Amino acid sequence: MNDRKRAVQAHIFGTVQGVGYRAWARGEATRLGLLGWVRNERDGSVTAWLTGADAAIAAMIERLRQGPPGAFVSRIDVDELETWTTPGEFRIIA
């Protein structure tokens, strides 16, 4: 497994609010050992800030594309981040 660390911001569009997407994403990120956060945006999208091992980030992006039952993901924009800080655990923020 690739141990290179990286940080990304993923902006997820579609039916991703009101379907448990943030709680589901927190669980998936925690299982993958990622740090960061997830939040709802005013436009109905969700943003996730992910930091961790390269392979775990790649796996999480694929999981974000699927989402939990009831979600429909139409698009994900992923931006690489050069500098980053994260909380001690993956969390949902307001």
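Please read all numbers here as calculations on a predicted model, not as lab measurements.
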Please report, to 0.1 Å, the donor-acceptor pairs under 3.5 Å made by any side chain of residues 10-20, with sequence neighbours excluded.
from, atom 1, to, atom 2, distance (Å)
H11, NE2, S45, OG, 2.7
Q17, NE2, E41, O, 2.8
Q17, NE2, S45, O, 2.8

Exercise. Does the side chain of K5 come within less than 4.5 Å of T51's, by heavy atoms?
Worked result: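 Result no, sub-4.5 Å side-chain heavy-atom pair not found.
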Exercise. Considering only heavy atoms from C-beta outward, does the side chain of V73 approach that of Q66 to under 4.5 Å?
Worked result: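 In short, these two side chains do not touch, never coming nearer than 4.5 Å.
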Problem set entry | Closest approach of Y21 to A71 (non-hydrogen atoms, all atoms of both residues) |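 Looking at all heavy atoms of both residues, the shortest contact is CD1-CB, 4.0 Å.
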For this session: Looking only at non-hydrogen atoms, find the nearest pair between T30 and F90 and report the distance.
Result: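 Nearest pair, atom of T30 first, then F90: OG1-CB, 4.1 Å.
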Problem set entry | Spacing of Q9 atom CD and W37 atom CH2 [to the nearest 0.5 Å] |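 Result: 5.0 Å between the selected atoms.
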Problem set entry | Interatomic distance, R26 atom CZ to I92 atom CD1 [nearest 0.5 angstrom] |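 One finds 4.0 Å between CZ of R26 and CD1 of I92.
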Exercise. Knowing that exactly one of I93, T47, V46 qualifies, which makes a side-chain contact (heavy atoms from CB on, under 4.5 Å) with V38?
Worked result: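 Exactly one option meets the side-chain contact (heavy atoms from CB on, under 4.5 Å) with V38, and it is V46.
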Exercise. Would R4 and R6 count as a side chain to side chain contact (heavy atoms under 4.5 Å, CB included) if you check the C-alpha gap in whole Å, the side-chain angles of each, and the deciding distance to 0.1 Å?
Worked result: CA-CA 7 Å; R4 183 178 84 87; R6 67 190 267 220; 3.8 Å; yes
Atom pairs and distances, donor-acceptor, side-chain atoms in residues 56-65, under 3.5 Å, two or more places apart:
from, atom 1, to, atom 2, distance (Å)
E62, OE2, R65, NE, 3.2
R63, NH1, E28, OE1, 2.9

